[in-house]
Amino acid sequence: LTRTLDFDTLLEAARRLRDRNSDVRIVVLGAGDRAAWLAQQVRTLPNVELHGWVGSRVIREFGATAVAGLIPYWPTSDFQESTPNKVGEY
């Protein structure tokens, strides 16, 4: 959970889903220098779950039940011109 990730868009989506009483949950896995900031931002968003760092087994368990996965990178050229390897790691 670092500055390379666009949490602003993710938080806006969570707010909109909450306001529409959607049953969609946003599950965030990982740790990093923005984890405390993100925890503060989601305190009024019951549809967002923060799980911190988890091992690959837990990531696979979440992935097996997820409808979609998201890595919200900012649209910078280094990410637009490459394929993130995070998904393949698990």
Side-chain angles (χ1 to χ4, degrees):
L1 307 179
T2 66
R3 296 185 188 286
T4 61
L5 301 174
D6 176 10
F7 291 114
D8 297 332
T9 301
L10 184 70
L11 291 167
E12 179 60 25
R15 284 185 208 97
R16 290 180 185 201
L17 290 165
R18 178 201 59 200
D19 294 347
R20 292 181 181 155
N21 295 316
S22 172
D23 62 353
V24 172
R25 293 179 329 165
I26 298 173
V27 177
V28 180
L29 308 175
D33 62 353
R34 295 196 75 194
W37 173 85
L38 186 58
Q40 285 293 324
Q41 300 302 307
V42 303
R43 68 186 186 284
T44 61
L45 296 170
N47 56 339
V48 179
E49 300 175 16
L50 301 180
H51 291 271
W53 184 92
V54 296
S56 59
R57 179 185 60 78
V58 175
I59 291 172
R60 284 192 302 274
E61 290 171 2
F62 274 106
T65 60
V67 174
L70 173 70
I71 304 173
Y73 288 117
W74 289 101
T76 58
S77 62
D78 54 331
F79 289 116
Q80 290 177 331
E81 297 170 4
S82 64
T83 302
N85 63 359
K86 267 302 183 207
V87 176
E89 290 179 7
Y90 306 108

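Values in this document were obtained by computation on a predicted structure and should not be read as measured data.
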Next item on the list: Report whether L5 and W74 are members of the same hydrophobic cluster (ILVMFWY, side-chain heavy atoms less than 4.5 Å apart, transitive linking).
Entry: no

Checklist line | Cluster link W53 to L50, ILVMFWY, side chain under 4.5 Å | finding: no

Notebook entry, point to check: Which residue pairs pass the side-chain hydrogen bond (donor to acceptor under 3.5 Å, both in side chains) test with at least one member in residues 30-47, sequence neighbours excluded?
Noted result: Q40-R43

Next item on the list: Identify the heavy atoms of G30 and L1 that sit nearest to each other, and give their distance.
Entry: O-CD1, 3.4 Å

Check: To the nearest 0.5 Å, what is the distance between OG1 (T2) and CZ (F7)?
Finding: 7.0 Å

Notebook entry, point to check: Got V42 and V28 here, is their nearest side-chain heavy-atom distance under 4.5 Å?
Noted result: no

Note to self: My understanding is that only residues two or more places apart in sequence, or in another chain, count here; which of them pass side-chain hydrogen bond (donor to acceptor under 3.5 Å, both in side chains) with S77?
What the structure shows: none

Notebook entry, point to check: Can you find a pair of side-chain heavy atoms, one from D6 and one from Y73, that are under 4.5 Å apart?
Noted result: no

Note to self: To the closest 0.5 Å, what do you measure between CG (L17) and CD1 (I26)?
What the structure shows: 5.5 Å

Checklist line | side chain to side chain contact (heavy atoms under 4.5 Å, CB included) between L38 and L11, worked out | finding: CA-CA 9 Å; L38 186 58; L11 291 167; 4.0 Å; yes

Item checked: All side chain to side chain contact (heavy atoms under 4.5 Å, CB included) counterparts of R25, not counting sequence neighbours -> V27, E49

Check: For D8, what residues pass the side-chain hydrogen bond (donor to acceptor under 3.5 Å, both in side chains) criterion, not counting sequence neighbours?
Finding: none

Notebook entry, point to check: For E61, what residues pass the salt bridge (Lys or Arg N to Asp or Glu O under 4.0 Å) criterion, not counting sequence neighbours?
Noted result: R57

Note to self: I'd like to check the side-chain hydrogen bond (donor to acceptor under 3.5 Å, both in side chains) partners of S22; sequence neighbours left out, ordered by chain and number.
What the structure shows: none

Notebook entry, point to check: Which atom names give the shortest non-hydrogen contact between V48 and A14, and what distance separates them?
Noted result: CG2-CB, 3.6 Å

